[in-house]
Trainee: 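Once you've had a glance at the structure underneath, I'll fire off some questions.
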Protein chains: 2
Amino acid sequence: MKLQNGRKIANIQDIARAAGTSIATVSRVLSNADYPVSPLLKEKVLAAAKELNYTPNLLGRMLKSNNNTAIGVVVPNLQNPFFNQVLIGIESEARRRDYELVIYSSHRDPAQERQNIMGMLQKRILGLILFSEDLSSETVEYYVASGGCVALLEANFELETVIRADTDFVEAGRIAARHLIDRGHRRIAFLTSPLTKHSRRKLLEGLKTTCRDMGVPFDEQRDVIVAPSETELDSGLYEFEQGKYLAREFLERRDGHTAIAAVNDITAYGVLQELASQKIAVPEQLSLISFDNLPFSAMLSPALTTVELPSTAMGSTACHLLIDCMEDPDGAVVSRDLVFSYPCRLRVRQSVASI
Amino acid sequence: MKLQNGRKIANIQDIARAAGTSIATVSRVLSNADYPVSPLLKEKVLAAAKELNYTPNLLGRMLKSNNNTAIGVVVPNLQNPFFNQVLIGIESEARRRDYELVIYSSHRDPAQERQNIMGMLQKRILGLILFSEDLSSETVEYYVASGGCVALLEANFELETVIRADTDFVEAGRIAARHLIDRGHRRIAFLTSPLTKHSRRKLLEGLKTTCRDMGVPFDEQRDVIVAPSETELDSGLYEFEQGKYLAREFLERRDGHTAIAAVNDITAYGVLQELASQKIAVPEQLSLISFDNLPFSAMLSPALTTVELPSTAMGSTACHLLIDCMEDPDGAVVSRDLVFSYPCRLRVRQSVASI
DNA sequence: GTGAAAGCGCTAACAG
DNA sequence: CTGTTAGCGCTTTCAC
C-alpha cells in the first residue's frame with residue numbers, strides 16, 4: 001500500500017496483470033515452488049517482476065504458512081561482553097541459514113522476559129534462544145506449548161523438548177586450579193561475586209576439589225573472598241569495581257597466597273588495576289587467572305591467562321540446532337541429543353608465573 | 001494453526017464464538033480501538049480471550065495495516081565494541097517505545113547489505129538504522145522510495161529525507177591535540193590505520209590544524225605513522241595487532257616525540273602492550289591518548305585518556321528520531337532538523353602526563 | 001452498539 | 001500447464 005515513486009509496491013496481482021497471466025502462476029514462479037510452468041510464461045513473469053521492482057510481502061506468505069524465518073534471542077543485557085560473544089556466534093549461524101535475528105534484552109526481569117517471549121509469539125517467531133541463568137520455566141513452557149522451539153543457554157531449570165547448552169563450570173575451575181598448581185602455586189585465593197549463581201558455586205567446587213585432589217590446602221574461610229552484594233547494574237563497570245574491591249580485601253587478608261583466581265575476566269581487570277596501583281607486579285609478585293577469555297583479555301599488559309568459556313561456539317551451535325529443529329517437519333530431530341556442552345580451554349598468557 | 005495443548009492457537013473467531021459475538025466486536029475490544037463497545041460484551045470478550053489464552057497474530061494485523069513495529073539495524077559487524085555501544089543505545093530506546101530490533105551484520109559487503117535491506121522490505125520493516133561508513137546510497141534510496149524511514153550513522157554519502165548522525169571527528173582531533181599541548185607536549189605522533197576513511201582523515205585534520213594554531217610543529221612526514229594495509233577482519237584483534245606494529249614503527253622513528261595519539265582505543269591497546277613489553281612506562285616516558293572511550297579503556301593500567309566519541313547516545317537519539325518519523329502519519333516530522341551530532345568529550349585518565 | 005463482508009498479499013487445493 | 005477460488009487472522013467500512 002505504500003508509495004514508491006508514486007505507485008504502490010507491486011504485488012502479485014500487478015505482476016499477473018503485467019505478464020498477462022494469473023496470480024497463481026506468478027506465485028508459482030516467484031516462490032519457485034517446483035511446479036511446472038511453461039518457460040515462456042516464466043520468462044514473462046520474471047520480466048514483469050523485475051520491471052515493477054517486485055518485492056514480495058513476506059507477511060502475506062507468513063500469514064498463510066504460519067512460519068517466520070526469524071529467531072528471537074533473549075539475553076540479560078547487551079553491555080556484558082560475554083553475551084556479546086555469544087551473539088556473534090548466533091549471528092553467524094543465523095546469517096548462514098538466512099534467518100533474521102530479533103534481539104531482546106530482558107535485564108534479568110522476569111516480567112520483561114515474559115513480555116519479550118509473548119511478543120515473539122505474537123509475531124509467530126517460533127525459535128527462541130534464551131540466556132537466562134536465573135529465571136523460571138513457566139513462560140518457556142507456554143512458548144513450547146504454542147509450537148515454539150527453544151534453546152536454553154545456561155538455564156538453571158529443567159525442561160523437556162528443548163535444546164540446552166551448559167558450560168561445565170566445575171571443569172573450568174579444575175583447569176584453573178590444575179594450571180596454578182602445575183606452576184608451583186600452593187596457596188590460591190578465589191575472588192568472587194556472591195555465590196548466588198550456580199556457575200560461581202561450580203567454579204568454586206572445581207577449584208576446591210582439584211586443590212584437595214592434588215594435595216594443596218584450600219580453606220573456604222581463608223581462601224575465598226566474596227564481594228558483599230551485587231547490584232545488577234550490568235554495566236560491566238560494576239564487576240570491574242568489584243574486582244578492585246576484592247583485590248583490596250585480598251591484600252589485607254593475604255596469607256601466603258601466591259595466586260588469585262578471579263571469578264571472571266572483568267573482575268580480573270579490576271584486580272589487575274588495583275594491584276598495579278599498589279605496585280604489585282603481576283605475575284612476578286602475584287599470579288592471576290580468571291574465567292571467560294573475553295577478546296580484551298589478550299590486550300592487557302600482562303595479557304591475562306584465563307580459562308576460556310565457550311561463548312561464540314555455544315551460540316553458533318545452539319542456533320544451528322535450533323534451526324534444525326524449526327525446520328524439522330515432524331520433530332524427529334528432537335530425538336537427537338539436544339544437550340551439548342563445549343570443553344573449556346586454558347589460554348595461557350602472561351599473568352601466571354612459575355614458582 | 002499450531003497446536004497448543006492439542007488445540008490450535010485461538011484466533012478472534014474462536015473468541016467471538018466463545019463470547020457469543022462477532023469477530024468485529026472482538027477485534028474492537030482486543031485491539032482497543034477507541035470504538036464504542038458495550039461494557040457487557042467487552043467483559044465477555046476479555047474473559048473469553050483470557051480463557052482461551054488468546055495470543056494475537058500480529059502477522060494478520062500487519063498484513064492489513066502494512067506496518068511493522070520492528071526496526072532493522074545494519075552494522076558492519078558485531079565484534080567491534082564500538083558498534084556494540086551504539087547498539088546498546090538503540091536497544092534501550094527501542095525497548096522504551098516497544099519496538100523490536102532486527103539486527104543484521106553486513107560485514108561491509110555491499111551485496112550483503114543490499115540483501116539485508118531487501119529482507120527488511122520484504123517483511124515490511126519500515127525503519128532502518130544503517131551504520132555504513134563506506135557504502136553507497138543506491139539501496140537506501142530504494143528503501144526510502146518504498147516507504148521506509150532511515151537513520152544514517154556516519155554515512156559518507158548524501159541523501160534527503162533521512163535522519164543523519166555524524167560525529168565531528170575534526171573536533172575530536174582538536175580536543176586531543178589541545179589536551180596534549182595543554183599538558184606541555186610539543187611533539188606529537190599520530191598512529192593510524194590507512195587514511196582511507198573519512199573519519200581518520202578528519203581526526204588528522206583536527207590534530208594538525210590545532211597543532212599549527214597553537215604553534216606546535218606538526219609534520220605529516222615525521223609525525224604521522226600509517227599502518228601498511230588494512231584487512232577488514234573486524235575481529236578487533238586486527239586493530240590491536242596493528243597498534244603493536246605502529247608502536248614498533250614509532251619507536252624506530254621516534255624523533256623527540258613525547259606523546260602519541262592513536263586512531264582509536266583498540267589501536268591504543270596494542271600500542272600500550274608493545275610499550276609495556278619494551279619497558280617504556282606510560283605516561284612517565286611517553287603519553288598516549290586515543291579516540292572512542294570503549295568501556296575497557298577505563299580498566300587498563302594505566303587507564304586510558306581518550307576522547308569519547310558519542311556512541312550510545314548517538315544510537316539512542318537516532319532510534320528515537322527514527323521512531324518519531326515512522327509514527328508520523330504525514331511526514332511532518334521530516335521538516336524538523338534531522339541531522340544531529342553529539343559533542344565529543346575528553347575523558348581524562350592516566351595515560352597522559354604533564355611535562 | 002453490533003455484525004456481515006470485503007479485503008491486506010500470498011499459497012494451495014481443485015478444476016480445467 | 002494454467003486459472004479460479006478459498007482461505008491465513010486481522011481491521012474496517014458499511015449497513016442495520
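Convention: sequence-line order gives letters A, B, ...; per-chain numbering from 1. Please read these numbers as outputs of a predicted model, since none were measured by experiment.
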Trainee: Using whole Å, what does the distance between atom P of nucleotide dA6(C) and atom CD of Gln13(A) come to?
Mentor: 16 Å
Trainee: So with a 6.0 Å cut-off around CZ of Arg114(B), is the heavy-atom count from everything else above 12?
Mentor: no
Trainee: Provide, to the nearest angstrom, the distance between the CG atom belonging to Asn67(B) and the P atom belonging to dT12(D).
Mentor: 10 Å
Trainee: Would you kindly give the CG-to-C1' distance between Asn11(A) and dG7(C), to the nearest whole Å?
Mentor: 12 Å
Trainee: Between Leu101(A) and Ile71(A), is any pair of side-chain heavy atoms under 4.5 Å apart?
Mentor: yes
Trainee: So, OP1 or OP2 of dC10(D): does either fall under 4.0 Å of a side-chain N or O from Ser27(B)?
Mentor: no
Trainee: Just to verify, what does Ser311(B) make a side-chain hydrogen bond (donor to acceptor under 3.5 Å, both in side chains) with, not counting sequence neighbours?
Mentor: none
Trainee: Just the rounded figure in Å: distance from P of dG7(C) to CD1 of Ile12(A).
Mentor: 16 Å
Trainee: Please confirm whether the backbone N or O of Ile23(B) pairs with a side-chain atom of Ser27(B), one donor and one acceptor, at under 3.5 Å?
Mentor: no
Trainee: Could you tell me the separation between the NZ atom of Lys123(B) and the P atom of dG9(C), rounded to a whole number of Å?
Mentor: 18 Å
Trainee: If you check every side-chain atom of Tyr54(B), which of dT11(C), dG9(D), dC10(D) has the closest atom?
Mentor: dC10(D)
Trainee: For the helix from dG1(C)-dC16(D) to dG16(C)-dC1(D), measure the angle between the helix axis at one end and the axis at the other, each built from five pairs, rounding to 10°.
Mentor: 50°
Trainee: Listed by chain and number, what are the side-chain hydrogen bond (donor to acceptor under 3.5 Å, both in side chains) partners of Glu43(A), not counting sequence neighbours?
Mentor: none
Trainee: Between dC8(D) atom P and Met62(B) atom CE, what is the distance in whole Å?
Mentor: 19 Å
Trainee: Could you check whether any side-chain N or O of Thr312(A) sits under 3.5 Å from a backbone N or O of Gln85(A), counting only pairs where one atom can act as donor and the other as acceptor?
Mentor: yes
Trainee: Quick one: is dG9(D) close enough that its OP1 or OP2 comes under 4.0 Å of any side-chain N or O from Asn57(B)?
Mentor: no
Trainee: Mind listing the N/O atom pairs, protein and nucleotides 1-5 of chain D, below 3.5 Å?
Mentor:
from   : atom 1 : to       : atom 2 : distance (Å)
dT2(D) : OP1    : Ser38(A) : OG     : 2.7
dT2(D) : OP2    : Ser38(A) : N      : 2.7
dT2(D) : OP2    : Ser38(A) : OG     : 3.4
dT2(D) : O4     : Tyr35(A) : OH     : 2.7
dG3(D) : OP2    : Thr21(A) : OG1    : 2.2
dG3(D) : OP2    : Ser22(A) : N      : 3.2
dG3(D) : OP2    : Ser22(A) : OG     : 3.4
dG3(D) : OP2    : Thr25(A) : OG1    : 3.1
dG3(D) : N7     : Arg28(A) : NH2    : 2.6
dG3(D) : O6     : Arg28(A) : NH1    : 3.0
dG3(D) : O6     : Arg28(A) : NH2    : 3.0

Trainee: Under 4.0 Å between any heavy atoms, over every strand shown, what does Ser65(A) touch: base, sugar-phosphate, or nothing? Just pick one.
Mentor: nothing
Trainee: Under the rule for side-chain hydrogen bond (donor to acceptor under 3.5 Å, both in side chains), what residues qualify as partners of Arg164(A), not counting sequence neighbours?
Mentor: Asp166(A)
Trainee: How many Å lie between CG on Asn68(B) and P on dC10(D), as a whole number?
Mentor: 16 Å
Trainee: With sequence neighbours left out, what residues match Asn116(A) under side-chain hydrogen bond (donor to acceptor under 3.5 Å, both in side chains)?
Mentor: none
Trainee: In this structure, how many angstroms lie between the P atom of dC10(D) and the CG atom of Leu63(A), rounded?
Mentor: 9 Å
Trainee: Is the backbone of Leu63(B) close enough, under 3.5 Å, to the side chain of Asn57(A) for a donor and an acceptor to pair up by distance?
Mentor: no
